[in-house]
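Notes to accompany the following structure.
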Amino acid sequence: MKVQFAPLNIPLRRRLQTAAVLQWIFSFLVLAQCCLAAFVLLCVSDWWILAALYAGWLYLDRDTPTSGGRRSQWVRNWTVWKYFRDYFPISLVKTVDLDPNTNYLFAFHPHGVLVAGAFGNFCTEASHFSELFPGLTPYLLMLPFWFRVPFFRDYIMWGGLVSSEKASVSYLLSHPGGGAAAVVAVGGAPESLEARPGALTLQLLQRKGFIKLALKHGAGLVPVFSFGENELFDQMENPVGSALRRVQDRLQRIMGVALPLFHARGVFQYSFGLLPYRKPVHTVVGRPIRVDLNPCPTKEDIESLHQRYMECVCVCVCVYISSLFRV
C-alpha cells in the first residue's frame, strides 16, 4: 500500500484542528482505561486515603448521572472544541424554533462510528446550540457503564453527557417548566456496525422504546439527522452472518458496547490510522412532533406515533436534500 504523507507546510490552524480531534479520539478509546488504571494505582500507593475518599464520593454521587448530570459551561466552551468543529467541519442546522417551555426528546440518526455530530453539537457550544435554541439544555445519553469509571464519569458529565437508563430519560422529560432536550442515538450500538461511507442503514423499525417514553411524558419528539456521519470512518467488512459480525454481535450483547473495527487516516499521513476523514457533518434538527401526555400508552398508541415519526424522518431528509439543490 502506497502511503500518502501530509505536506510539511500545513497551516498551524489545521494542525490545531488535528490535535483537537486526536484528543477526542483518545478520550473515546483509552481515557476511561487510563482513569481506571490511575484509580487502581492510587489505591495501592501511599495516597490510598485519596482513593478511599473518592470512592465515598462515588457512592454519594451515584445518582447524579441519572439526575441530569453535572454540566460545566466552562468545559463546553473550551477553545479546543472550536478546532474540533472546524476539522470536519460540523454544523448545526435549525429548521424551526423550539418552545423552551417544553421538554423534548431528540432522536438522533444515524449513530455512525463515534457519534461525532452528536458530540460536537450537543456536548459543546462550538456550534452555538444555546444561541440557536435559547432556553433549551441538551443532554446526550450514553451507556450507563461509562458512568461507573472513576474520574472519567466526571469528565463526560461536564460536557452534558448523562446515563441512558430509563430513569435518566424520565427525569429529563419530566423537568418542571420544560427546557430539557434528551438526545438519544436511536440506532444504538448495533447501528454503529453498519456505519461506513456510502451506506445508510438505520435501526428504526423495531426501535420503539423512545416513542413510549415520549408518550408517557408528553415530550415533543424531534427527528435529528446528521448528514455525513457515516462518511467519517471506514470499517472492516462485517456482513451479517460473517464470523467477525457474529463475534461483534456477541460482544455487544454481553458488554452492551459495540466494537466496530474502524480506520481512516493518521496524523502525519492520509492512508491509515484512527483519525476521521475531513468530511463535513451537517446535523439537522427537524420539526417537532407534538405528543400528548399519555401515562399508559397502548400498543396501538405507540405504533401510531412510531409511524408518524418515521414519516417525519423521511420528510426531514427530503427537505434538507432539496435545499441543497436550491443552493
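Treat the numbers as computed from the prediction; the structure is a model and nothing was measured.
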Would you sort out whether M157 and D61 count as a side chain to side chain contact (heavy atoms under 4.5 Å, CB included), showing the intermediate values?
CA-CA 12 Å; M157 280 197 291; D61 197 52; 4.1 Å; yes
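At most 12 heavy atoms of other shown residues, nucleotides or ligands fall within 6.0 angstrom of atom NZ in K212. The number of heavy-atom neighbours closer than 6.0 Å to CD of Q206, taken from other residues, nucleotides and ligands shown, is 12 or below. Within a 6.0 Å sphere centred on NZ of K279, heavy atoms belonging to other residues, nucleotides or ligands number 12 at most. Shown here is R245, whose CZ atom has more than 12 heavy atoms of other residues, nucleotides or ligands within 6.0 Å. Remark: M236 CE is loosely packed, at most 12 non-hydrogen atoms of other residues, nucleotides or ligands lying under 6.0 Å away. Environment of CG in N101: crowded, with over 12 heavy atoms of neighbouring residues, nucleotides or ligands closer than 6.0 Å. Enclosure of atom NZ in K166 is not indicated, since only 12 or fewer non-hydrogen atoms of other residues, nucleotides or ligands lie within 6.0 angstrom. Atom CZ of R70 sits in a crowded spot, with more than 12 heavy atoms from other residues, nucleotides or ligands closer than 6.0 Å.
Counted by atom type alone, D301 and T298 present one or more donor-acceptor pairs between their side chains at under 3.5 Å. For the 3.5 Å distance criterion, the side chains of E237 and S242 fail to qualify, holding no donor opposite an acceptor. No hydrogens or angles considered: nothing links the side chains of S168 and T66 as a donor-acceptor pair under 3.5 Å.
Between R13 and D86 there is no salt bridge, since none of the side-chain N atoms of the basic residue sits less than 4.0 Å from a carboxylate O of the acidic one.
Geometrically, R278 does not engage Y270 in a cation-pi contact defined by less than 6.0 Å to the ring centre and at most 45° from the axis.
When each of R196, R246, E194 is paired with N238, the side chain to side chain contact (heavy atoms under 4.5 Å, CB included) condition holds for R196 and for no other. Partner of F151 under the ring pair (Phe, Tyr, Trp, His ring centres under 6.0 Å) criterion, out of Y54, W57, W146: Y54 alone.
At a threshold of 4.5 Å between non-hydrogen side-chain atoms, the residues F225 and L202 count as touching. Inter-residue side-chain proximity for E303 and E300 is flagged as unmet; no heavy-atom pair is nearer than 4.5 Å. V291 has its side chain out of reach of L105: every pair of non-hydrogen atoms, C-beta onward, lies at least 4.5 Å apart.
Note on L58: it does not cluster hydrophobically with W158, by side-chain heavy-atom contacts below 4.5 Å among ILVMFWY residues. Linking ILVMFWY residues whenever their side-chain heavy atoms come closer than 4.5 Å, directly or via other members, leaves L29 and Y277 in distinct clusters. By the rule that hydrophobic residues join a cluster once side-chain heavy atoms approach within less than 4.5 Å of another member, L132 and V96 end up as members of one cluster.
Taking the six-membered ring where tryptophan is involved, the planes of Y155 and F152 are tilted, since the angle between them lies from 30° to 60°.
Close placement of the F119 and W81 rings is indicated, their centers lying within 6.0 Å of each other. Taking the centre of each ring, F210 and H109 stay at or above the 6.0 Å mark.
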